[in-house]
Each structure stands twice: as structure tokens, then as C-alpha cells.
Student: 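Pasting a structure below so you can have a look.
Letters A, B, ... are given to chains in the order of the sequence lines, protein chains preceding strands, and every chain is numbered from 1. Values below: all heavy atoms of this structure, side chains included; hydrogens, waters and symmetry mates excluded. Here the structure is a predicted model, which means the values were calculated and not measured.
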Amino acid sequence: MITVGIDSGNRNTKAVVLKDGQVIGKALILTGFDANESARQAYETAVQAARINPAEVAAVVSTGVGRNEVKFAQENITEIGSAAKGARYFVPTVNTVIDLGAEEGRAIKLTSDGKIADFASNEKCAAGAGSFVESMARALQTTPEEMGPLSMKYGKEVPMNAQCVVFAESEVVSLIHQKTPKEDIARAVHDGVSNRVSSMVRRVGLLDDLALIGGPGRNQGLVQSLKDDLQKEIKVPEDPDYVSALGAALYAVEIT
Amino acid sequence: MFTQFKQWYTNRHDYARDWKERSGSKVIGYFCTYVPEEILYAANVLPVRILGGHEPQDVTEPHIFGMYCPFSRDVLAQGLKDRFSYLDGITIAQSCLHIRQAYTSWDLHRPTEFSYYLPMPHNVQSAHSRTFLRAELEQFKEAVEQWTGQTITDADLDRGIDIVNTNRRLLKRIFELRRQENPPLSGQEAMYLVLSSQMTDKREHNQALEKLLEQLPERELKRPTGERLMILGSENDDIPFTEMVEQVCGATFVIDDHCTGTRYFWNESVPNEDRLLEIANRYVDRVPCPTKDWPQRKRLEHIQKLIEDYDVQGVIVIQQKFCDPHELDIPAIQKVLKGKGIPTLFLEFDVTAPLGPFRIRVEAFLEMMRQEDLF
Amino acid sequence: MSTQIYPTEPLQLWGKAKELREKYYLDYRDAHEKGGLRWAGGAWSFDAVPAGLGRDVCSLTSEPYGATLAHNKELSLECLEASENAGYARDLCSYMRLYWGSILIDKYPYGGGYPKPDFIWQDHICCSHAKWYQVVSDLEGGIPMWDVDVAAGPYKDVTPAKIKYIVDQLQDGVEWLEKTTGRKFDDELFIEAVKNEMRSTSLWAAVCAENKAVPAPLEEKTMYSLYVLATLSKASREVADFYAELLAEVKDRVARGIAAVGNEQVRLMSDTQPPWAFLKIFRYLERYGAVSVGSLYTFGLEGIWEVKEDGSWGPRTTPMEKGIEIKTRQQAMELMVDWNLSKPEWQHFYHPQLKTEMMLRIAKEWKLNGIMLHYNRGCEGLSLGIAENRLGLLKAGFPVMTFEGNMGDEREFDENMTMARVDAFMESLGVKKIR
Amino acid sequence: MNENETKEYWRWKEYNWKNPDIPDWRGSLVTAGVDVGSTSSQAVIMVDGELYAFSNMRTGSDSPSSALDAINWAMEGTGLTLNDIRFTVGTGYGRVNVPFADKAVTEIACHARGANFMYGPTVRTLLDMGGQDCKAIHCDERGKVTSFLMNDKCAAGTGRGMEVFANLLAVPIEDVGAMSLSVEEEPAPVSSTCVVFAKTEATGLLRAGWSKEKVLAAYCSAMASRVVSLLERNGMEKDFAITGGIAKNPGVVKRIERILGVEALKPIYDTQIAGALGGALFAKALAAKAGKDKSAPQGKMAGR
């Protein structure tokens, strides 16, 4: 059976084509103003990549903030549900899922049979991981991709308290003026994000089998800060961006 | 001269552990300055104030809702991170809801052999609060007796009262030296004095204060006094901030109104045949925390008096983020200060002070007082 | 999935509740025209005491007034901004900021300007209550004010000395009231008001207890409009009588199996004041067949309860039902103070464990499937310990959903995010939307 | 959308300017002010108290070199060298890192002094909307600060917030204001005060079918009401002027004026140079004072 999962996020729209438990195609495009249109593009790109006939697709399920806008999906599933399912696919024993996006972050606790036991997401005044790191990269005049490697070379821990992206940016600017090494600032930025994420994880309860999904999972510096903070091993799937879309595709199998 | 006090403050946990070993007695952590330390000293128990650690933490999110003040969360974090694992008991006297929450969560998750909530009355302006508090102190005393297995006699209470009162008297005498044109100690040093007194055996602390008092009159700060500032508001033990204002920006704090500062020790108790009533009166009559300062705002008069006595030129008003009691007083305070022509700067504090953004505010504030030089 | 499982019908007393509410606000506004007096204070105040000054003494209770302002989107924003511009912090109690705003912009939602009270009769429960009116008095250039401190500890530890502290303040308060208003205090009127209060609050608890039935005869959104009467004037005969009538109607609904929500399949409770401008979240829940059957807030703020012989929660037996005759002011005050100190929604100010226990009781006796906790940025008092309650409920095996918002400041409520949370919560409960 | 990410709609124009009416600076008192802000840097050169030249550019990650770049660019084509400048005041976030400055003064004092020059001595209330903070300043007839207030809790109402929005909506920052004013009916302001969440809210509004214009209007309106609150709390008195980058955004300015019922004074200079201009004016006064006392060392020291 072939199913497609579409994750309509604030920043990116991801699509995954799943055939008998194997990913055979995927696509990631920037979300435009018309979420449905973006979803369609992602869908078509993924189907092409999978080299299948669209008629073979048994079901399409959407997830993500724009999930209700994806008109051609038969069903939708919340971000929490798809993240849990997707993470379980990669790490069958996972019981704590950290799902980070551009603006949002979530921590999900799972029961041993994979059901959602509890979840927490960032509340109003707390910045999400992706765009926070990007803003800070800009303040440091580097690229978001460079932030991870940079912070791995830190020498000294610098506490950073600001919750607000813009205020954190001005703290970063003062750190620069104080001639704090870029490496240390990059580490401080990741520690700051990690601090908020760890708080969320602790809120749902910190268990042993952690997985981190979502784009920021590719940022090694952030993953390192999180590991240091939580004192746990954290598994990151190879393509962390696609996990929720995959979760939606898995759900499509369940309902078909 | 201040090294000892600084060390006490910095190594508070080592001190308490060592004290416990030396004395073989119990150590109790307290969350608010309304706790009657007299009774604890009478019982040979060492009261230590639980303050925050000023480092970002991520352990309190499951326990305290984010709209509660960062201080209360920082305090709870100390408990959850087992920094105070040597405590035999914890206690709080009723004050604000925020710190109460830190206490109750501590009680739930780091239980100690003794945990006591003392319903210190809020209506301290009512005549009945004394009688009520006296009855509550009686209950508290009995609970402490039961815990330590020792009866607290009047002589014990007298000893407890004397230890605490002496400490208050000595601190006040030192603080009064700050009224001089060139105060012999900085605000930061004064801060170390009061903070350390809340976490050491006051008998030792008193000795150190007496020694300091002998040397202080001869002392001079190695820099000009600069603007004479007062700092007032909620809990404040932010040493780096004080250091920045005094050493980087060149002003001097000459007085404060904080529960970690003068509010803690300003009033001594007035001798009374009924010792518990004496203690009750002291806590009812002390400079109030805003939670208890109604229907009249008595703290306003007190602040104005301090401004006059200490020849204050400018005031920095600080507040822990989300601190409702202070937020409810600050507009009234600012209005009065404005009326008196005293410049004020308002700052909102978190667990760590963002020194960069704060520095510009402080510099601009001082510049406002100094700017004639620029024209 | 069928959409209708149980029969429903509208509540007959709905209209009357609305009328009583409106009459209350108009009576206050127009009190002076009739030679009467106006006083202001909290819904927690001992309102039976000023009732001793005469039947023409009207009150404006602050929290429901704040909620009323919060309902009105435009007016509330105007009020909140006025308070902020006057220098009051944005994270303070939102009822309080709305209330001050109404003074600052001089607008009363029932027409006219803010009707200045003749005196303030308040009690101090959280860090804000007495200071709330300190500011009101500041803004109005001084209003005589009496505040009673009730913070004497939880009811389980009550002692005569604690009761005495509060009664003494009330006795002084009577003297003060006489001096301030120039009126003579009438003990008989006061005793009558005390009895009314006990009747109102016991009856309201009885009404809430009926919601143990499946299907629930009432849902929480409706209950808000009913319980509010006690927050306005719990010591009035009208309110006590209304609750007697209401109890009869609700009992009848239970007997006939009438449901508040016809597709009830998931029973929930909420916690703390809801975001008043977004009560539609309760309607959204209904799309899942999920019904909030109440909360410690709706049950325990104006309901006085006791543990019955079978161990379950029921309305507290009034002194009158016990055959106690109330003869003197002192006796009435002692009984009234004891009654008020037993208020469920007061216990957890001392320890979250007390609230967790009460919530677990409700969860079991009212047969709940899950709990929604509103982390209310607008009220530090009722959200005190809420995170610990969550942990306690989860530990006992009840699914919990949290959402952040503000009862009176809609700028702090994210509608889309909250709906998304409801979706995820329902998904985790295994419930699907009824399409 | 990919293009939007790289196109950087927030990036405003950097430029320098020289006063054609002052042909030569030789034989006159040359002073300078350098404002190294968190996002932008300006250098202003004055000749005998007259505006002679200035530059306006983005701040790099290193403030000493940003300061140097700014002053060099301002001196471009004037024949000036650093040695010809008698006194320099550094201001802004990087004020203590201006290597050639004789004194550092905060941007609050400098903006008030600069505004006094730009708008005349009647200015009493000043709103400076900078990159990362927003200040309400009250000053006297000499441009002396009598009180000020800075945003504490939240960055809504800062230039940076506007940049984030320009990028999100793919609208060049210079066009944001005009576009936001082209709506027929004023929408309700976005409710979120947090830049990040306002962005999420805006995305939601766009999905719900709002036009870019309408979303910008809602954001400008939210920003205006935030800063008005700051102004009111600090005390609002006429005449009123706005400095900083946002002063160039009519979408915000018009809305501030509408809420306050007061018109802001119209600028004749680039509002972003107010801080550096104030610095150069202070530099002139300080140079004159130093001149009286010939023995005073003319050290090129940073800071006080």
C-alpha cells in the first residue's frame, strides 16, 4: 500500500511517500501564503521522486499548523500525533519525543505501547528553536548552518537569560562588544534554546529513550547543549525534518 | 575587611554543613524574612535564608507556572538541584503567593523532617494582628520544641532575641556610616553584610560586625562617591548588577529598601514581659513587605525618610519580573519621588541581569543627573 | 457516530438568571437616586456585614465586574490600555486592570461613567486584593476603605484564635461602617444576610452535586452564568431563593435524563477562571462530544461543601438545618467566618496538595475522563500551585491538558493554539470529532 | 519564497552625504559623533556647529571597525583625516568601543541633543525607535534629558520587529509604511506582543486570506499602540518628534499620531542620524571646554 503524509509547517511543507513501510519519496518546499498550494507542490514533487502513479496513492493525511488547509487530504492528524508516530518508526522504543520547528517546540511523552501520555508545547512568550538560532546567527554575522560547528568549539559557558528573541539579540550584541568569542556566544545561544526545551521535556517527564525530530535536529551544537542539559543520550533520525510527515503517512496506513 | 562576609555568602553551603558538624544541631531553611528567627535561635537551630543561585535553570517548569516570579523559581531550583540537602527543616511565614509556591513545591518534592507554614497576618495595621500572631508563635514554638525535643524557656527566648537584636543593631550602626559625605563602604559591601547575616550563625556574624565597626570609620573607598543612590524594591541579591553600577558607572548605593537589605534588620524588638508578644510586635511593626502594607502605604513614609537621612540623589527601583506586590506599589512610589524631584530609574530583574541592556539604562540615568558637563 | 445520544432542553431559569444579574448592576448604579448607599469590594468579601446597614445598600463586586468588562472586547482593550498607560504592569491581575481602566476612562458597561462607591469593604486573600482597592482609592482621590485579612491558614487547621482574629476585624469593621456611613448597624438584617449567604452557597453546592449524573444536566459554560449570582450578592434573599428554584429544576432534569449536551461522551472539568472572551472553546469541545461538567472553581468558589456520611462530597449543612438559632452578632460572625474559611477554593492558597485532593475527588465522583487546566496569567491566586495539581492528577492516572491564557486580557490568549491543543488532547483520549 | 529568504527585504539603503554649502572645513572647529547601534551605525561631522557630513550604514559584528567604517565613509571626499577632528563622542550600543572617541555618551542624551538641533528647542517629547529598543525621552529647551523610559519586557515596537515582518511578507522595508496605509478599513491590531508570535499570527492571517496590506496595517497598528503606551507612561508633552529608523515608516508614524491626537514634527534631516548628531554637538561643547584649559591633555581615549 502507498500512502502520503504531508506536514504543513510555518516555514516548510514536507511530503513523504510511504510504500509498505518504506519511504520511497520525499519533498521539502518553503510554505507559501497558500498552504494548500504548497502542499500540492510538495505532494507532486514527492510522488514524482517516488516514481509512482498518483493513482496508486491509497490515502493522504495532513499534519502541521496548516493541516486543515490541505484540502486534498482525506484526514488530518495533530502535530503531536504525527510526531509520535514518526519518531516511533525510527526509534521503536522511544518514550520522549522532542519536536522542534522554526517557531514552535514540543515535548511528547509516550506510553510503552506508543500512545501519547502527555505533551507540552512552548507558550506565548517563548521563542522556538529554529528562528531563534537563525536570528542569533545573523547577529553574529554567520550562517545558521555554521552555528552548530561554531558552538562545538566553545571555551567558556556564558549564561543567557533573555527569553525574547530580540532581547536575546541585544544581549548577543553586548556580548560581542565585550569581545566574547563567537564560539562561546554560539554555545550560549544553544544553551538558551536548550534550557527552554529541557524545561518542556521536564514538564512532561524525562524518560530514558529520547528522540529529537524537526529541522533543528540537524544542528549538532543544539543537540550537544540538550544532551549536556538533560544528561541523556538523544537519538536524531537521519532526516529529522521529515519525521512528522512520515508520521502522517503512517497514520494514513492505519485508517485505510 | 569584607572578605569574611563575602566568603560566608559565597560558600554558604560549606558554612552551614560545617556549622552542623561543629554544633551537632539542626539547620532550617527559611523562605521569607517574616520568619521569627528569635525562636529558632532560642532552640539552637540555625536559620539560613534560601536564596536563588542566579544561573538559568530548567528544573522548575513542571512545578511552577511561568507567570510566577523568577526569584521564587530560582529558589525552588536550589532545592530541586539538592543544593540545600543538609537542611533538617524548612519554614515560611506567610507573605507573597509566589514564594509560598516555592515553599510548597519544596515541601512536596524535597521533604524534610520539619516543615512549617506560619500564618503571619497580613493586616498588620489592625490591632488584632498582634494577638493573632502571638497565638501563632506559640504554636510555632511548640512545634519547634516537639521537633528538637527540647523545651524553649523564657531564658532561651531572651537569648534568641538578644542574638537577633544585636545583629540588627550592629548592621544598622554600620549602615548609618553610609550617611557620611563619603561612605566608608560601597553598596556591594553592604549587601555582603546583610546577605551573609542571613546565612551564618549570628553570634559569629556579630563578632565580625563588631570588628568591622572598629575599623570602618577610618576607611575610605578608593574612588569618588559619585551619585548617591538608593535601590529599592523586591528581593535583590544581584551582586554583578551592584558592581556594575558602582564600579563601571561610578555611583554609590548609600541605602536600600529590600527584604534582602534593610527591611530584614531595620527594627529591633521592644522588650516585653511576654516574650512571644515582644516578637510578635516586632514583626507586626517592622518595615512592611508590600503584601502587608495596607490600607495605608506606610512604606512610602519610610522610604522618604531614608532618602532624607541618607541624602539620596537618585533612586533605582527594581522589581522581580511578575512581582505583583511591588508592581502594586511602584506607581505610587514613583509618583511621590517625582513630586520630590528625585530622579528614578525602573528596572525589571530576572534570574540573571542582562548587564549590557541594563548598563545603558543606568548610564543614561546617571548622565541625566550629570549632563550639565556636556553642555 | 451518532450526534445525539441524550435528550436536551434549554434551562428554564436561564432568563431569570440574566435578569437578576442585570438588575444587580443597575441597582448599584442607581442606588444614590433612591437614597441608598454604594459599596465596592471583592466577591470574597463578607457581604452580609454591609447588609446590616439597610436594604438600600448596593454593592459592586470587583471580580465579576472585571469579567463583565472582559466580555466586551472593545471596552476591555480600552480599559487595559488605560491602566498600562497609567503605569500599572501588564502582568498584574487582569480583573484589577480592567477595573482600574473603567475608572480611568470613566465608563460603566451598563451606561454612564464609573459609579464611585461610598466606601470599600474588601478582604485580602491574595497579594492583590487589598492593594487593588488601595489603587482604586488613589485613583478616586480617596475612598474610605476597610480590609479584612482572612489569611489564617487552611480550614483543616482552624482554631478559635484564628476565627477570633477575623471576627475581631469584622467587629471593628461594623464600628467603622457606622462611623463612615453615619448609619446604625442593624443586627437583625445582618443575621438574616448571614443565613441567606449560607443558604445560597449550600444550595449552589447542591446544584453542582447534581452534575454527578450522567448525562450531566448542566455544562460549565451555562454554570458560569448561574454561579455568578453568588459572586455578586451571595447574602441576598433573591440569590438564595433563585438557587432553591434552580436546584428543583436541575433535579427534575436529572430525573428525566435531560442532558446539557446531547452527545456527551467525554466528561471533563476545567480549572480557574476561563478566558472570558473565548468561552467558545467550550462549544468547540462539544464537537467532540466533550462536556466540561464543572470545576473546583465553579463548584468551590461560591459553593460550600462537606464530606457526607458515605464519604462523598455534598452541600454543607447550614447551622439552620442543624437547628442552631443565631441570636447575636458575635455568634453570627463566628458562624459566618467558620463557613467562609471552609470554602474549597480557598484551601489551596496554603498548599497545592489540598487542591489536588479535592480535584481528584471531583474527578472520581463526577466520573471524569480528563481535566483541562487553564494556566491563567490573569490570576496568580487561582493558578497558585496549578503545576503541582497537574502532576498530582497525572500521577493518579487522569489525563490532563493545559492551556495558557488570561481570564481578562484576550491579548494573552492564542485561540488557534488552544484549539490545536484540544485536538491533540482529544486525539490522545481516542476521541474523534463528530463530523 | 526561496528568493525572499535571500533577498533580504529588511535591508535598507546605506549612504553618505556631504553639505554642499560648506566648501571647506579648514580653520574651523571640526567635531564628530559616532553612533554604533545594534543594527545601524552613523557618523556625523560638524564644522563650527554646522552639519557638514554624515554616513549611515549597517553595524558589523565588530564595533571598533564599524565605527571606523562609518567615520571614514563620512569623511570620504572631504579631505579630512581622523587627526583633523578635534573631539569625537561615541554613542550607541558600541559607544565604549569607538577607538578614536574622546568620550562616550549614551544614545539617550545624544538623541535628545540631536533632536533639539534637528527640530528646534520646542521639542519636549521624543520617541526614538531603534533597532532593538524603543525609548521615550522627555527633554528641556536645551535638549537636556529630564526623564526617559525604555521598553523592558518585550521587543514589539522595535525596528528589528519591523524588519522581521518585512522579510516575512517579502515587502521592501521602505515600502512597508505606505503599503500599510493603503487599506480601506483599519483592521484590529495583531494581538500578540511577541515578535515571534506576531509572526505566527501574521502567517495565520495571510492563510485566512488577509492581504499583505491588511496584515501590515495590523502590525503597524500594534506597534504604534505599544509605543504610545511607553510615551504616555513617561509623560507626553508637546512638541513631539520621532527619531530613529521607524520615523521613516509613515505606517507607524501616522498611527502614533492618530492615537495620540498629536502630529509629530516633520524632520528635515535623516532621523537615523539624531544620535550621532547629538554626539557631535556634545563634542563641540566639550572641545570648547577643553580649549579653555590648554593644559588639559587631548587624549584619544575611549570611554570616560
Student: Can you list every side-chain hydrogen bond (donor to acceptor under 3.5 Å, both in side chains) pair that touches residues 78-88 of chain A, not counting sequence neighbours?
Tutor: A/T63-A/S82, A/R67-A/E79, A/T78-C/E427, A/K85-A/E254

Student: With a 4.5 angstrom heavy-atom cut-off, is it the side chain or the backbone of C/L394 that approaches chain A, or both, or neither?
Tutor: side chain

Student: Could you list all the ring pair (Phe, Tyr, Trp, His ring centres under 6.0 Å) pairs where at least one residue sits in residues 81-122 of chain A, not counting sequence neighbours?
Tutor: none

Student: Working to the nearest 0.5 angstrom, can you tell me the gap between C/D423 CG and A/I80 CD1?
Tutor: 10.5 Å

Student: Do C/R421 side-chain atoms and A/A120 backbone N/O form a donor-acceptor pair below 3.5 Å?
Tutor: no

Student: When you look at NZ of A/K115, are more than 12 heavy atoms from neighbouring residues, nucleotides or ligands closer to it than 6.0 Å?
Tutor: no

Student: Compare every heavy atom of A/R203 with every heavy atom of C/R390, then report the nearest pair and how far apart it is.
Tutor: NH2-O, 2.9 Å

Student: What's the separation between atom CG in A/D118 and atom CG in C/L391, rounded to the nearest 0.5 Å?
Tutor: 9.0 Å

